[in-house]
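Hydrogens, waters and symmetry mates play no part in the numbers below; they use all other heavy atoms, side chains included. Residues take their numbers from the sequence shown, with the count starting at 1.
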Amino acid sequence: MTQTPAFLFVCLGNICRSPLAEGAMRLAAQKAGLALAIDSCGTAAYHVGEPPDPRSIATAADNGIDISGLRGRQLASADFSRFTHIFAMDHQNLRNIENVRPSSSTARVSLLLDVVEGREGASIADPYYDGEERFGDTWEDVTSAADAIVARLIDGQW
Ligand code: 4NP
């Protein structure tokens, strides 16, 4: 049986990058008229239950999507069968994901920017310790990835 595509975006804290990736993916899916399962989480538990960083909320709002209702959660074993694609924001989190990946995992795990032509193998830098302007760069990165994912879905590749 072919599983319906379901996308999970993963960073460290689930308050800066992955909520922006979830928002960008929701926006791209909405624009394309696609109903998809989309979620985000962190490999660490530091911010479980917390809303996204205010700078992520502001950046998403500036780009037309409200992510203020999201709440941080940590990656769980069940995610590896619930989602067909699990995308890590950087190499450290890719390693963290691989370290807890159960043998029963059916998800494809990769770096998020692997879906963007010319950006394969690149990380999305952590903007947590930077100023709000860096969150705009994060938004551009996650939007280019979300658009590439939608293009693959429309193409029938996924
Ligand atoms: P994120 O950013 O992984 O993009 O959500 C971070 C948020 C919090 C921390 C690190 C990175 N922290 O150390 O609390």
Side-chain angles (χ1 to χ4, degrees), residues 4-32 34-80 82-101 107-116 119 122-153 158:
T4 307
F7 302 97
L8 181 64
F9 300 91
V10 187
C11 62
L12 184 65
N14 194 207
I15 56 166
C16 295
R17 290 165 291 177
S18 63
L20 281 177
E22 179 178 345
M25 190 67 220
R26 289 190 182 284
L27 202 56
Q30 191 185 307
K31 283 182 187 161
L34 297 172
L36 303 169
I38 301 164
D39 197 9
S40 63
C41 68
T43 57
Y46 313 133
H47 300 283
V48 170
E50 293 178 19
D53 186 285
R55 296 164 294 180
S56 285
I57 293 175
T59 301
D62 286 348
N63 288 282
I65 183 127
D66 178 9
I67 61 165
S68 64
L70 301 183
R71 292 294 177 266
R73 74 167 181 93
Q74 192 174 18
L75 179 67
S77 284
D79 290 324
F80 290 89
R82 273 178 61 207
F83 293 93
T84 55
H85 295 76
I86 297 179
F87 293 114
M89 298 299 128
D90 60 26
H91 289 270
Q92 183 202 335
N93 286 294
L94 184 61
R95 282 192 297 275
N96 294 347
I97 294 166
E98 294 292 359
N99 285 340
V100 298
R101 181 179 188 159
R108 284 196 219 179
V109 180
S110 65
L111 286 170
L112 181 57
L113 286 177
D114 281 351
V115 302
V116 181
R119 304 286 307 277
S123 284
I124 296 183
D126 186 357
Y128 184 59
Y129 298 102
D130 298 323
E132 188 160 340
E133 67 287 351
R134 279 281 298 112
F135 284 68
D137 300 336
T138 307
W139 178 260
E140 281 184 25
D141 282 346
V142 295
T143 296
S144 56
D147 290 345
I149 292 167
V150 163
R152 287 187 192 204
L153 287 167
W158 283 348

Rounded distance (nearest 0.5 Å) linking atom CZ of F9 with atom CD1 of I149: 4.0 Å

Nearest atoms (heavy-atom pairs only) where I67 meets G23: CG2-CA, 3.9 Å

Ring geometry between W158 and F87 (parallel below 30°, tilted from 30 to 60°, perpendicular above 60°): tilted

Non-neighbouring partners of D147 that pass salt bridge (Lys or Arg N to Asp or Glu O under 4.0 Å), sequence neighbours left out: none

M25 CE to T143 OG1 distance, which is reported to the nearest 0.5 Å: 11.0 Å

Value rounded to 0.5 Å, distance of CZ in F7 from CZ in R108: 9.0 Å

Closest contact, heavy atoms only, F80 versus V100: CE1-O, 4.0 Å

Non-hydrogen atoms of A88 and I97 that approach each other most closely: CB-CD1, 3.7 Å

Steps toward side chain to side chain contact (heavy atoms under 4.5 Å, CB included) verdict (V109, V10): CA-CA 10 Å; V109 180; V10 187; over 6 Å; no

Any donor-acceptor pair under 3.5 Å from T59 side chain to G136 backbone: no

Non-hydrogen side-chain atoms of L111 and H91 separated by less than 4.5 Å: yes

From R55 atom CZ to D130 atom CG, the distance as rounded to the nearest 0.5 Å: 8.0 Å

A148 versus V115, closest heavy-atom pair with distance: CB-O, 3.4 Å

Show the atom names and distances, to 0.1 Å, of all donor-acceptor pairs under 3.5 Å that link a side chain in residues 35-42 to residues at least two apart or in another chain.
{"from": "D39", "atom 1": "OD2", "to": "R73", "atom 2": "NE", "distance (Å)": "3.2"}
{"from": "D39", "atom 1": "OD2", "to": "R73", "atom 2": "NH2", "distance (Å)": "3.0"}
{"from": "S40", "atom 1": "OG", "to": "N14", "atom 2": "ND2", "distance (Å)": "3.0"}
{"from": "S40", "atom 1": "OG", "to": "E22", "atom 2": "OE1", "distance (Å)": "2.7"}

Any side-chain heavy-atom pair of L12 and Y128 under 4.5 Å: no

Nearest atoms (heavy-atom pairs only) where I57 meets P52: CD1-O, 3.4 Å

Pairs touching residues 56-72 that satisfy salt bridge (Lys or Arg N to Asp or Glu O under 4.0 Å), sequence neighbours left out: none

Sub-4.5 Å side-chain heavy-atom contact between I15 and Y46: no

Pair R17-N93, side chain to side chain contact (heavy atoms under 4.5 Å, CB included): steps then yes or no: CA-CA 12 Å; R17 290 165 291 177; N93 286 294; 4.0 Å; yes

Spacing of CG belonging to L94 relative to CZ belonging to R101, to within rounding of 0.5 Å: 9.5 Å

Main-chain N/O of A76 paired to D79 side chain as donor or acceptor, under 3.5 Å: yes

N99-N96 side chain donor-acceptor pair, cut-off 3.5 Å: no

Over all atoms of both residues, closest heavy-atom pair of D141 and L113: O-CD2, 4.0 Å

Main-chain N/O of C16 paired with S56 side-chain donor or acceptor, under 3.5 Å: yes

Donor-acceptor contact below 3.5 Å, side chain R119 vs main chain A145: no

Separation between OG of S18 and CG of L20, rounded to the nearest 0.5 Å: 8.5 Å

